[in-house]
Amino acid sequence: MTHLQSLRGMVDLLPQVLLRWQAVEAAARIHFQRSGFGEIRTPLMEPTDLFCRGIGEATDVVGKEMYTFRDRGDRSCTLRPEGTASVVRAALQHGLLTQGPQKLWYAGPMFRYERPQAGRQRQFHQIGVEWLGASSPRSDVEVIALAWDFLASLGVGGLELQLNSLGSVDDRKAFRTALVGWLEQRVDQLDEDSCARLSTNPLRILDSKNKATQLLLESAPTLTESLSPESRSRFDAVQHGLTTLGIPFRLNHRLVRGLDYYCHTAFEITSDQLGAQATVCGGGRYDGLICQLGGVETPAVGWALGLERLLLVLEEASKAEPTGRASQLTRAPKPDAYLINRGFQAEQAALVLARALRSQGLTVELDSSGAAFGKQFKRADRCGARFALVLGDEEAGRDEVLIKPLLEKGDESTWAIDAISAMVDLLQSR
RNA sequence: GCGGGUGUCGCCAAGUGGUUAAGGCAGCGGCUUGUGGUGCCGCCAUCCGGGGGUUCGAAUCCCCUCAUCCGCCCCA
């Protein structure tokens, strides 16, 4: 209809919707701060090579989903498809890691050129956490708990934590060989997609949604079997830690994360309310990434959470439970006062009064229509203001203002227009 | 990139070949030009996502296109 429209897969966030966003972001800020994570903001655009090296050339994200273009200096630029590579780049660039381990979190838009569907957009938003320089299995546990508790604090239900270990780089290599060998004997039984992946990214075949392939995989060698004793005991320690914290999880030995940099712990938190894109949060350990991007060998764990998906789940939660925690996040703020005014002198006085009250922390809606009093009252009522303040020529002439409660019963009262603190007391009284 | 569904006012929604395109919500105006919430009255799509075509005649049929939704791939 309109010729000017937002690009496909890019959505506007309007004030009412943003109420929810802001609540979630505020909750995140507090939650991460408590665990000692500091916020980091990196550019939305990076040199293309960062992602090719960080995420892996063979991955779909790099292979077909990046927004890449050349700038006027003929540099290849890419709109970031995820946050981890950028965070690591920034940490290396500023020598953060020479000061010891870094606990960082970020929130912001990511870009992936994909076909939009439920819970998926081309510009979407992630909140993520990266703990660089953490090697203990306990850090895996802590980071997972950080995600789990954050979601719980928002009142999100119906979540499941799925856990797997990809083992060390060597374990993975060994398993890869074993799996490919096993699958090659059975190529004729594989679906088309899986066949293609056999040479590019065989581990991902485990994830296949193809029913026949899944059935076939029942008897395939498993990742767990090829774990070294060290990897095995590390995986046990992570599970033990989660159990200690009372965080329920389900082992899923098919869980393979899509990005190349993961090793050892891999996890996903899924929701039963999301349709096909059920993963709300995903992450794991990526001990090799920092080295790969030019730093010294440094272990790290982290995760990223899809904000749009989280908000989708929150919406369901607040529908199901209108008085629950999730619903409280979205209450629209009502003005404390609606300032009705009419007449030249009164309008000037109203401007001054509104500013004075706002500077005292009140939310004041100032009518600027000059319409009839009845009209202005109607608007005052409609916006849900608790009080109407009335300034007409009569009041202005006497340097007074009339205050009338709109929601509770009570009489109008007249106040000296400069009795700001007394008015504030009344307007804030409960 | 592939498959399927949908597209009528800001939102919900009737209409499926025949003169002026229901209705509801919201909005605006009035009854009520200094007092709101209820009520009543009025206004609010020459146009049916866009472009072509078929027809005496189309929102209704056909083609193309765009957008959107659901799924696949993949991921948060």
Side-chain angles (χ1 to χ4, degrees), chain A residues 1-3 5-11 14 16 55 58-66 81-84 107-128 147 191-194 196-197 200-201 204-205 207-210 255-259 262 267-271 274-283 302-313 338 340-343 346 367 369-396 402-407 409 411-412:
Chain A
M1 175 182 267
T2 328
H3 283 281
Q5 244 184 302
S6 61
L7 254 16
R8 151 167 259 204
M10 313 260 171
V11 309
L14 305 179
Q16 223 190 335
I55 301 172
T59 61
D60 282 26
V61 170
V62 171
K64 57 181 205 195
E65 295 173 2
M66 295 205 301
E82 58 105 43
T84 303
M110 306 293 163
F111 303 83
R112 253 119 103 157
Y113 194 92
E114 296 181 274
R115 190 95 176 235
Q117 72 183 72
R120 189 162 79 192
Q121 296 160 198
R122 290 184 170 181
Q123 177 179 336
F124 63 105
H125 297 75
Q126 288 187 333
I127 295 182
D191 62 281
E192 210 178 310
D193 286 322
S194 298
R197 252 181 252 141
T200 55
N201 202 346
R204 292 222 50 88
I205 297 175
D207 250 2
S208 173
K209 282 181 192 168
N210 185 292
L255 177 68
V256 181
R257 317 251 47 246
L259 313 184
Y262 288 109
F267 75 95
E268 263 179 33
I269 299 175
T270 57
S271 165
L274 278 182
Q277 311 301 326
T279 303
V280 178
C281 177
W303 49 256
L305 172 158
L307 208 32
E308 282 84 357
R309 289 185 190 173
L310 169 57
L311 286 155
L312 245 33
V313 178
Y338 190 97
I340 291 167
N341 61 107
R342 185 161 152 84
D367 196 301
S369 67
F373 280 81
K375 205 89 277 145
Q376 295 195 42
F377 264 100
K378 197 164 277 185
R379 282 198 274 261
D381 184 63
R382 219 165 277 169
C383 79
R386 249 184 102 214
F387 291 93
L389 311 198
V390 184
L391 250 171
D393 287 331
E394 288 175 28
E395 291 82 6
L402 200 73
I403 299 186
K404 175 177 180 173
L406 292 176
L407 300 181
K409 46 184 177 286
D411 295 325
E412 304 181 344

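Chain A is the first sequence line, chain B the second, and so forth, proteins listed ahead of strands; every chain is numbered from 1. Bear in mind that the values here come from a model prediction, so they are computed numbers and not experimental data.
- For the pair A:Lys64 and A:Phe377, nearest-nucleotide mapping onto RNA chain B gives the more 5' position to A:Phe377.
- In the interface, the side chain of A:Glu65 is not paired with the base of B:rG1 through any donor and acceptor atom under 3.5 Å apart.
- If you check every strand for non-hydrogen atoms under 4.0 Å, A:Ile340 touches nothing.
- Residue A:Arg115 is classed as a base contact, given a heavy-atom separation below 4.0 Å to a base.
- Between A:Leu255 and A:Glu268, some side-chain heavy-atom pair lies under the 4.5 Å cut-off.
- Using a 4.0 Å heavy-atom criterion, one finds that A:Gly119 contacts the bases of the nucleic acid, with or without backbone contacts as well.
- Between the base of B:rG36 and the side chain of A:Lys404 there is a donor-acceptor pair shorter than 3.5 Å.
- Among the heavy atoms of the strands lying under 4.0 Å from A:Arg8 is at least one base atom, whether or not backbone atoms are also near.
- Side-chain atoms of A:Glu412 come within donor-acceptor range of the base of B:rU35, with a qualifying N/O pair under 3.5 Å.
- Residue contacts for A:Ala118: at a heavy-atom cut-off of 4.0 Å it reaches the sugar-phosphate backbone alone, with no base atom in range.
- Within 4.0 Å (heavy atoms only), A:Gly9 reaches sugar-phosphate atoms of the nucleic acid but no base atom.
- Residue-level contact check: A:Ala380 touches neither bases nor backbone, having no heavy atom under 4.0 Å from any strand.
- Within the nucleic acid shown, A:Gly392 comes within 4.0 Å of at least one base atom, counting heavy atoms only.
- The minimum heavy-atom distance linking A:Ala371 with A:Arg342 is given by the pair O-CD, 3.2 Å.
- Across all strands, A:Glu308 comes closer than 4.0 Å to no nucleic acid atom at all (heavy-atom distances).
- By the 5.5 Å and 30° criteria, A:Phe373 is stacked with the base of B:rG34.
- For A:Lys375, whose side chain is taken as the heavy atoms from C-beta onward, the closest listed nucleotide among B:rC72, B:rA76, B:rG29 is B:rG29.
- Whole-Å rounding puts the A:Glu82 CD to B:rA76 P distance at 8 Å.
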